[in-house]
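Residue numbers begin at 1 in each chain, while the letters A, B, ... track the order of the sequences.
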There are 2 protein chains.
Amino acid sequence: MGARVTMRDVAQAVGMSPMTVSRALRDDRTVNDKTRARVRQVADDLGYVYDSTAQAFRTQKSGFVAVTLPSVNNANFAETFRALTNGLGEAGLQLLLGSTNYRVEREEELVRQLLTRNPEALVLTGGHHTEETRKLVQARDLPVIEMWDLPEDPLGHVVGFSNSDAMAHIVEHLVATGRRKLAFVGASEGADMRGAVRRAGAVAAARAYGLPEVEMIDAGPAPVSMRHGAAVIEAMGRDVAAFDALVCVSDPVAFGCLSSVQRMGLRVPEDLAITGFGHFEVAKVSNPRITTVNVQAEDIGRQVVDLLQGIFDGEIDAPVRFDVGSALVVGETT
Amino acid sequence: MGARVTMRDVAQAVGMSPMTVSRALRDDRTVNDKTRARVRQVADDLGYVYDSTAQAFRTQKSGFVAVTLPSVNNANFAETFRALTNGLGEAGLQLLLGSTNYRVEREEELVRQLLTRNPEALVLTGGHHTEETRKLVQARDLPVIEMWDLPEDPLGHVVGFSNSDAMAHIVEHLVATGRRKLAFVGASEGADMRGAVRRAGAVAAARAYGLPEVEMIDAGPAPVSMRHGAAVIEAMGRDVAAFDALVCVSDPVAFGCLSSVQRMGLRVPEDLAITGFGHFEVAKVSNPRITTVNVQAEDIGRQVVDLLQGIFDGEIDAPVRFDVGSALVVGETT
DNA sequence: CGGTATCATGTTATCGATAACAATTCGGCG
DNA sequence: CGCCGAATTGTTATCGATAACATGATACCG
């Protein structure tokens, strides 16, 4: 339990140089098979544990890919994260995760922290960052991928979809089914840029279709979820019946709204339509099923992995911009 | 964009030794305030970024706390993770997260990987591990915390609650409200030990109350969620009415069951009671609200943080065993 | 004003693995 | 048997920050 076992100790035990041990433990085929076997055996016996820190230091390659997510407590982001973990794990890379709580200032702090770990790539969620974050990132010769958005002025590579286009499809669908007076349910203005873009998308689309101005229903500061949707509608009471449709920033919010609307005896979709965003499980299981947009979170993760692989293999030179798209999923709430 | 900027470069630029730079950038108060200011200024100008890898190597302290979770896509675990991130972040520690996908073999692989990063502590979810995992961990002089369970034979510290006790409370409540024929809805036997313990708890409690044997409804391999609960009940059709209550392994599964049960025209709780586990948002928002057990995921995270702080401060010697408890939350489904 | 405590900075060695280069061993062949 | 190329193993230097120790500068005291 004293000093830790190093390659030197293993080397001494097998009567060879540390270099040979190093080679044997990796799969360098210049070592003799018998030697490798013996080294591995001894390393095991001594309880040797490889020191990635030393490796990272010496080789100047950390084996980390840094990732920021707004929140982990979100099935979509979690799905992307899972895809990233699995894909990069196969390439021997480890994820270094930070969550921004939907705040760019927090993202900046996080990026600063993550960069000190010398990651081999940086994957950011979203396309809105502080100036300082942009500077930090660009000062480094490091592959950067922004995902979940299609920013105008990207930092590097992009794998995402258009939130406002997706919202436009929802509005189009609502118009097609005869709805005119829309309300948008989402977080307060401020931190959550993705939510803001969705709202703006809805507003713009409504204008384009000549609908009356979209009403804003503020469910509180981001992140908003089921209970916020439920609470804000409950607080409104039957006033909500004045609208034809509630356009919600996400499925969980939509489900919360749906629940409150039903509790007060209104029928969905007869009295009021409701739409979500993100194709969360709850949208498919709820009763009625919620009309939503499928954003293919897992696909985003997979595409990012492919992209990174390409970058590490040196096959990619120019910044890539990949639109994974999104698709309207019509449920029973419209 | 050539070689990276190191402390040596900064030192050269200010005309001092690297040691002074090192001291200035940390908050070593032996450096003169003016010197510190100048160093910081120059470091900034040169775009210096601190190298945690080098620090971790030299000091043999990584600044990492390694954490394994069964899944990130679970509001409860995510909540614990958030609490850990926030709490440890304040202490200057970074989380190194791995997800096991509910499999102990995957956990072993993960632990092996995480240990090479020299974490300062290891936080495992659950109390079931492979023999190899136990050996790996115990061979190291490293603080270990198991959370979300109260294992019989812990590896080190424990912060959790009794899943089987919690299940017993649910069964007790069902008995008190006149239910006798129970079915347990959960994942197939196998990977998910936490699920298995809950099931065993339900079975044992039912026996203790002299109820007929609990029927098993297999929702498929772990992890099971809303759609699995919904699917398995839909597949059963009206046979489900033969039971008095569906005891579900989690709230999402319970919600899935609830939804399918309602779709086929049965009334909850009149025709059938349903219970969940975990006090997820959906339990409070669904219609009717689901009777569940509050497991205080955030509290677990906070307690783990406190415990780690105590350990790092050297205030804790003997292994700690902390039961955060759990509480029945009666909803409208029973 | 000499001497000592305090403050501020510098020097040297080091953490563990590995790239780059050097040396040795071995088998095969004329 | 001697020589050559391929297969193995060894040596040395190094990544960047910092602990431990050493030194130089300054203040303060009787």
Side-chain angles (χ1 to χ4, degrees), chain A residues 2-40 42-43 46-64 92 113 115-120 140-141, chain B residues 2-40 42-43 46-64 92 113 115-120 140-141:
Chain A
R4 67 180 295 159
V5 181
T6 74
M7 281 192 183
R8 181 179 281 102
D9 301 319
V10 177
Q12 205 145 39
V14 289
M16 308 204 116
S17 78
M19 195 63 232
T20 304
V21 174
S22 171
R23 285 196 266 248
L25 293 180
R26 289 174 288 161
D27 268 323
D28 196 322
R29 56 234 144 57
T30 73
V31 284
N32 187 291
D33 286 347
K34 255 166 50 192
T35 310
R36 187 204 322 289
R38 202 148 53 89
V39 167
R40 294 229 163 134
V42 172
L46 294 183
Y48 170 75
V49 179
Y50 187 83
D51 187 338
S52 293
T53 305
Q55 180 198 41
F57 178 55
R58 165 68 235 228
T59 62
Q60 297 292 62
K61 299 183 71 183
S62 61
F64 284 130
Q113 221 182 77
L115 286 182
T116 71
R117 296 286 180 180
N118 235 328
E120 303 187 26
R140 278 228 355 190
D141 192 14
Chain B
R4 68 179 295 157
V5 182
T6 74
M7 280 192 184
R8 180 178 283 103
D9 301 320
V10 177
Q12 206 144 37
V14 287
M16 307 206 117
S17 78
M19 195 63 233
T20 303
V21 174
S22 171
R23 285 195 266 247
L25 293 181
R26 288 175 287 161
D27 267 323
D28 196 321
R29 56 232 146 63
T30 73
V31 284
N32 186 291
D33 285 347
K34 257 167 44 193
T35 312
R36 188 205 321 290
R38 201 148 53 90
V39 168
R40 293 232 164 129
V42 172
L46 294 182
Y48 171 76
V49 178
Y50 187 82
D51 186 339
S52 292
T53 305
Q55 179 198 41
F57 178 55
R58 165 66 234 226
T59 62
Q60 297 290 64
K61 298 184 72 182
S62 61
F64 283 131
Q113 223 181 76
L115 286 182
T116 72
R117 296 287 181 180
N118 235 329
E120 303 188 26
R140 273 201 41 164
D141 194 14

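Taken over five-pair windows at either terminus, the axes of the helix from C/dC1-D/dG30 to C/dG30-D/dC1 are inclined to one another by 50° (rounded to 10 degrees).
In terms of phosphate contacts, B/S17 brings no side-chain nitrogen or oxygen within less than 4.0 Å of OP1 or OP2 of C/dT9.
Of the two residues contacting DNA chain C, namely B/F57 and B/P18, the nearest-nucleotide position lying further toward the 5' end is that of B/P18. Between A/M19 and B/G15, the residue anchored closer to the 5' end of DNA chain C is B/G15, taking for each the nucleotide with the nearest heavy atom.
Residues forming a side-chain contact (heavy atoms from CB on, under 4.5 Å) with B/R26 (at least two apart in sequence, or on another chain): B/M19, B/S22, B/R23. Considering only residues two or more places apart in sequence or on other chains, B/S52 meets the side-chain hydrogen bond (donor to acceptor under 3.5 Å, both in side chains) condition with A/T116. Looking at residues two or more places apart in sequence or on another chain, you find a side-chain contact (heavy atoms from CB on, under 4.5 Å) between A/T35 and A/M16, A/T20, A/N32, A/V39. Partners of A/R117 by side-chain hydrogen bond (donor to acceptor under 3.5 Å, both in side chains), not counting sequence neighbours, listed by chain and number: B/Q94. Legend: residues meeting salt bridge (charged side-chain N to carboxylate O under 4.0 Å, His left out) with A/R40, ordered by chain and number and at least two apart, are A/D27. Evaluation of the side-chain contact (heavy atoms from CB on, under 4.5 Å) rule for A/Q55 yields A/Y50, A/T59 as partners, not counting sequence neighbours.
For the residue pair B/S62 and B/A56, the shortest heavy atom distance occurs at CA-CB, 3.8 Å.
Using a 4.5 Å heavy-atom cutoff, the side chains of A/V5 and A/V10 are in contact.
For A/R140 (side chain) and A/L115 (main-chain N/O), a donor-acceptor pair under 3.5 Å exists by modelled atom type.
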Can you check nucleotides 21-28 of chain C for protein contacts, nitrogen or oxygen pairs under 3.5 Å, and list what you find?
none

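One finds no salt bridge joining A/D141 and B/R4 here, because no Lys/Arg side-chain nitrogen approaches an Asp/Glu carboxylate oxygen to under 4.0 Å.
At a threshold of 4.0 angstrom between heavy atoms, the contacts of B/T20 are confined to the sugar-phosphate backbone, with no base atom among them. Across all strands shown, B/T35 has heavy atoms under 4.0 Å from sugar-phosphate atoms exclusively, and none from any base.
Taking 4.0 Å as the cutoff to heavy atoms of chain A, we find the contact window on DNA chain D bounded by D/dT8 to D/dG16.
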Exercise for the section: Report the C-alpha distance between B/F57 and A/R58 in whole Å, list the side-chain angles of each, state the deciding distance to 0.1 Å, and finish with yes or no for side chain to side chain contact (heavy atoms under 4.5 Å, CB included). Expected result: CA-CA 10 Å; B/F57 178 55; A/R58 165 68 235 228; over 6 Å; no

